[in-house]
**Q** 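Sharing a structure below in structure tokens format, with a few things to ask.
Count residues from 1 along the sequence. For clarity, every value in this text was computed on a predicted model and none was experimentally measured.
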Amino acid sequence: MARVKSKEIDMDQASVTYAKDQIMKVAEQKFGVNRTEAIAAFFDAPAEMTVAEAEQWIQKFKERKAV
């Protein structure tokens with residue numbers, strides 16, 4: 001059985017989609033937003049997304065909040 005190289009694992013993890021409630025928990029832990037901000041940021045978000053997509057949603061939310 002062949003072992004998977006670390007780059008391949010990273011690529012697979014980048015393409016994994018998570019449910020919105022899981023993404024909101026990640027946003028609270030990784031992106032420094034509280035629960036209310038996470039709900040507001042992902043209100044119109046798709047039901048499933050990758051962590052990279054979630055980071056983009058958070059950045060857009062923070063830009064709107066700053067204005």
**Q** Quick one: does Gln22's side chain have a donor or acceptor within less than 3.5 Å of a partner on Ala19's backbone?
**A** yes
**Q** Do NZ/NE/NH1/NH2 and the carboxylate oxygens of Lys30 and Glu55 come within less than 4.0 Å?
**A** no
**Q** Decide yes or no for Val33 and Ile58: does some side-chain heavy atom of the first lie under 4.5 Å from some side-chain heavy atom of the second?
**A** yes
**Q** If I compare all heavy atoms of Trp57 with all of Met49, which pair ends up nearest, and what's the gap?
**A** CD1-SD, 4.1 Å
**Q** Do Tyr18 and Val51 come within less than 4.5 Å of each other through their side chains, counting heavy atoms only?
**A** yes
**Q** Provide the closest heavy-atom pair for Ala27 versus Phe42 in the form atom of the first, atom of the second, distance.
**A** CB-CE1, 3.7 Å
**Q** Between Lys65 and Glu37, does a side-chain contact (heavy atoms from CB on, under 4.5 Å) hold up when you go through it step by step?
**A** CA-CA 10 Å; Lys65 186 179 171 187; Glu37 292 172 329; 2.2 Å; yes
**Q** Which atom pair, heavy atoms only, marks the closest approach of Phe31 to Lys62?
**A** O-NZ, 3.1 Å
**Q** List the atom of Thr17, the atom of Glu48, and the distance in Å for their closest heavy-atom pair.
**A** OG1-OE1, 3.4 Å
**Q** Do the side chains of Ile39 and Met24 get nearer than 4.5 Å, heavy atoms only?
**A** yes
